[in-house]
2 protein chains.
Amino acid sequence: MNALLTSSQRQLVRVISESGPLSRTEMANLLGLSKAAMSGIARDLIDLGVLHETETVYGQGRPSVRLDLHPECAFFVGISLLEDPAPMILCDLNGKIIARQSMPLSRDPQVIAEAITEGLPRLLETHPSAKEKLSGIGVALSGFVDETQSNCVQSTLLNWQDVPLAKIIRERTGVETFIENDAKAVAVSEKLFGSAREIQSFSVVSLGDGIGCAHFIDGKLYRGNHGGAGEIAHCTIEPGGSPCRCGKRGCLDTASSMKAIKEMSRAEGLECVSLSDIENEASTGNAAAIRILHRAGSGLGLAIANLIQINDPGLILITHVEGSFDGLFGTVVNQAIETNVLPRYAGQTPIRIKRVDGDVWARGAASIAAHNFLIGPNSN
Amino acid sequence: MNALLTSSQRQLVRVISESGPLSRTEMANLLGLSKAAMSGIARDLIDLGVLHETETVYGQGRPSVRLDLHPECAFFVGISLLEDPAPMILCDLNGKIIARQSMPLSRDPQVIAEAITEGLPRLLETHPSAKEKLSGIGVALSGFVDETQSNCVQSTLLNWQDVPLAKIIRERTGVETFIENDAKAVAVSEKLFGSAREIQSFSVVSLGDGIGCAHFIDGKLYRGNHGGAGEIAHCTIEPGGSPCRCGKRGCLDTASSMKAIKEMSRAEGLECVSLSDIENEASTGNAAAIRILHRAGSGLGLAIANLIQINDPGLILITHVEGSFDGLFGTVVNQAIETNVLPRYAGQTPIRIKRVDGDVWARGAASIAAHNFLIGPNSN
DNA sequence: ACACTAAGTTCAGAAAATGAACAAATCAAC
DNA sequence: GTTGATTTGTTCATTTTCTGAACTTAGTGT
């Protein structure tokens, strides 16, 4: 079905997905087409069930009718291979999660494909038209993925090397499948479903056990030459600092990831199991807790400041699963950003904090499928 | 003339400018067009004098004829406002410099426009058809330029704030004019004329009195949200280090720019006027010289390593005007890059060093004009 | 009720691309 | 040398896609 869309139709779909509902005339102007051409394209897409008319906007002259993507014109499945059991969700074109379940995690691609195939029917029966309108499966994993979003070039976590996971799943399930790095998937979901829809260039920093990062540049996910763009976790932030499992020293990961923060607290003898615990300790004046949060916060802030200096993004979106950014940690991060960007820049780059739930990765995965459906692999 | 090219014609011109001479069939495949369509487009461009046939390649079957851009189908003027007197060059579509002269530098845009208007005729009379085929003027300056490449948003060096320089020059001379930040202009000239032609994503680090940097991402110059992408000079590289004229501390600029290196040597009582002098001192065992080069080199290396981690470019091109990269400085830079990138990355990102002459900035400026001629502002 | 305004449609015609047949230029081989 | 295989590049009728201009539609303002 996707392949049936013409180049102009896809462009239109893309514009609406970025800007939200638009009138035909607005769309014509945005795409640089005539009203006549627009009329036909819109009619075809409405007939196909991709678009539908929404509100009518009254002004001077004939009122305009806004067109929007029909949320239920396509459904996507997203699977996160970052947790065990692996979450598996079904969502629509708006990123709304319709059903949720899980499957056992495995390191064997065949077993994964099998588990997905088994789980699919149960997921799809939650919505009457999901089965026939299932348009893709997306898989998020920790590791490097090639530019076709089909092969996992390398994953330490899964112990993979050149695994054509997407192809295996595609063949087993018969559904179009794409895989992507976890942080990049989150960035895509923020662009497609989230708070960065209308922003052309932005970076997402996802803070969890590890630290992930991905860039959208000029409206496109930038994957980097080896798929490694955004590997901010292994930027040297404390020259000569503690050794990192990657083999070098002073990586951001050793100072600012949740895992590092917890390890540092344990080493200091603090009985903390979450960021909130440490924040609490710090607020009561515990010197070790304060020191740890300071170190972690200023490290992350410096890394983000470097990112801003290097790429001048239109937005930094920090997503975090645990704790909050209202405490010492968040304050230090913000301070460190401010003191390390060119003073004239300071405050010029919006920093948005977003607490995300356990569905981030699965939703991110689904967004990869949705992105390929909406915009396609070759972004002409 | 530029505006007369259709979208397909421009795409074709772009592909040839990236890949060099190609046969019609190859071009058809690259653009995803039929041979029939290609035939017509090529004929039109040959008639327009933009393309011409070059070598014939023999294989099996009918030999193919390669088409290339006609170097003398368009001429460009490039002016660098980074030096006094300001160099002014005339070059063709290959970036070959045909004539060279200079004009007095001024901070008054009107005076600059006047000086250009005065200088133009002399520059153009050096080539019979330059005058009629002059297709644009490019100006390189130190500062921030808006996305239309028309207004200088801010320049400390020239003490400007929102100066519509391109418009002023355009109106005075009647020639299409674009301005650009110095480092970004160099990146464009490397993409268009230089050693990064076929590379889609790369970064140029230009080492001179200051340190500039610019990124090409997916075949396009990435300017950043405020035109500030690549402001690597003010990345914090030595947290809590020496104060920088920008207002913060420990900027790369304070440790690794030629200006900083020279200042440090002066402070250490070394009688050095150039990088080579300091390298010489270092090679005879002078501890201060060695210390300075180490500091500068490891700073630059760390910054580049961060850039690699963040953006994973396909190439880092370091351009330098002075000295050489064969000595201690270059060695330290390379070492610092290696030790600060993810070990699995090490050596994966090609680092190319290029010594450039005094024409870099003016040639870069001309390339901005050429880029707008070839690819156009709206890169559809 | 009347003009006025702007959205969206229709339709003939222009522009751009395609597919299939064909002409052209070479190599390979007998 | 002539013949066949092979691949480039052209031609042309046809299809697809877009445009411009006229027109219809659905409101607002007076």
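What's counted below: heavy atoms across the whole structure, side chains too, no hydrogens, waters or symmetry copies. Keep in mind that what you see is a predicted model, and the values were worked out from it rather than measured. Chain letters run A, B, ... following the sequence lines, proteins first, then strands; residues in each count from 1.
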Side-chain donor/acceptor pairs under 3.5 Å, residues 193-202 of chain B, sequence neighbours excluded:
{"unit_1": "B:S195", "atom_1": "OG", "unit_2": "B:E190", "atom_2": "OE1", "d": "3.3"}
{"unit_1": "B:R197", "atom_1": "NE", "unit_2": "B:L192", "atom_2": "O", "d": "3.4"}
{"unit_1": "B:Q200", "atom_1": "OE1", "unit_2": "B:G219", "atom_2": "N", "d": "3.4"}
{"unit_1": "B:Q200", "atom_1": "NE2", "unit_2": "B:E18", "atom_2": "OE1", "d": "3.2"}
{"unit_1": "B:S201", "atom_1": "OG", "unit_2": "B:D218", "atom_2": "N", "d": "3.0"}

Query raised in the report: To the nearest Å, how far apart are B:L31 CG and C:dA17 C1'?
Result: 13 Å
Query raised in the report: How many Å lie between CD on B:E26 and C1' on D:dT7, as a whole number?
Result: 12 Å
**Report entry** Short side-chain to backbone donor-acceptor contact, B:D312 and A:N225, under 3.5 Å
**Finding:** yes
Query raised in the report: Ignoring hydrogens and geometry, is there a side-chain-to-backbone donor-acceptor pair from A:S367 to A:G364 under 3.5 Å?
Result: yes
Query raised in the report: Of all the nucleotides listed (C:dT10, D:dG9, C:dG8), which has the minimum atom distance to the side chain of A:R43?
Result: C:dT10
Report summary line: Contacts satisfying ring pair (Phe, Tyr, Trp, His ring centres under 6.0 Å) that involve residues 42-61 of chain A (not counting sequence neighbours) are A:H52-A:H70
Report task. Measure from the side-chain N and O atoms of A:N311 to the backbone N and O of A:P313, and report whether any donor-acceptor pair falls under 3.5 Å. Result -> no
Report task. Whole angstrom is fine here: how far is it from CD in B:E53 over to P in D:dT10? Result -> 8 Å
Find every protein N or O atom lying less than 3.5 Å from an N or O atom of nucleotides 14-18 of chain D, and list the pairs.
{"unit_1": "D:dC18", "atom_1": "OP1", "unit_2": "A:S8", "atom_2": "OG", "d": "2.6"}

Query raised in the report: Just how far, in rounded Å, is C1' of D:dG9 from CE of B:M27?
Result: 11 Å
Query raised in the report: Hey, does the side chain of B:S23 come within less than 4.0 Å of D:dT8's phosphate (OP1/OP2), counting only N and O?
Result: no
Requested in this report: Measure from CD on A:E55 to C1' on D:dG27 and round the result to the nearest Å.
Outcome: 16 Å
Requested in this report: Hey, could you give me each pair passing ring pair (Phe, Tyr, Trp, His ring centres under 6.0 Å) that has a residue in residues 30-49 of chain B? Not counting sequence neighbours.
Outcome: none
Requested in this report: For B:K191 and B:K220, indicate whether the former's side chain and the latter's backbone hold a donor-acceptor pair under 3.5 Å.
Outcome: no
Report summary line: With B for base contact, S for sugar-phosphate-only contact and - for none (protein heavy atoms under 4.0 Å), nucleotides 21-30 of chain C reads ---BBBS---
Report task. Report yes or no: is the cationic atom of B:R170 (NZ for Lys, CZ for Arg) closer than 6.0 Å to the six-membered ring centre of B:F178, at no more than 45° off its axis? Result -> yes
Report task. Round to the nearest Å and state the distance from A:M38 atom CE to C:dT10 atom C1'. Result -> 16 Å
Query raised in the report: After noting the C-alpha distance and the side-chain angles of B:L120 and B:L134, does the key distance pass the side chain to side chain contact (heavy atoms under 4.5 Å, CB included) rule?
Result: CA-CA 10 Å; B:L120 267 184; B:L134 178 63; 4.3 Å; yes
**Report entry** CG-OG1 distance between B:L69 and B:T54, expressed to the nearest 0.5 angstrom
**Finding:** 10.5 Å
**Report entry** Nucleotide nearest B:T25 (side chain, heavy atoms from C-beta), chosen from D:dG9, D:dT10, D:dG20
**Finding:** D:dG9
Requested in this report: May I ask you to verify if any side-chain N or O of A:R24 is less than 4.0 angstrom from the OP1 or OP2 atom of C:dT9?
Outcome: yes
Requested in this report: Give me the one residue out of B:I168, B:I368, B:I137 that meets side-chain contact (heavy atoms from CB on, under 4.5 Å) with B:T177.
Outcome: B:I137
Requested in this report: Could you tell me the separation between the CG atom of A:L67 and the C1' atom of C:dA7, rounded to a whole number of Å?
Outcome: 12 Å
Query raised in the report: Could you write out DNA chain D as a dot-bracket string, with dots for unpaired bases, | for bases paired across to another strand, and Watson-Crick or G-U pairs counted at under 3.5 Å?
Result: |||||||.||||||||||||||||||||||
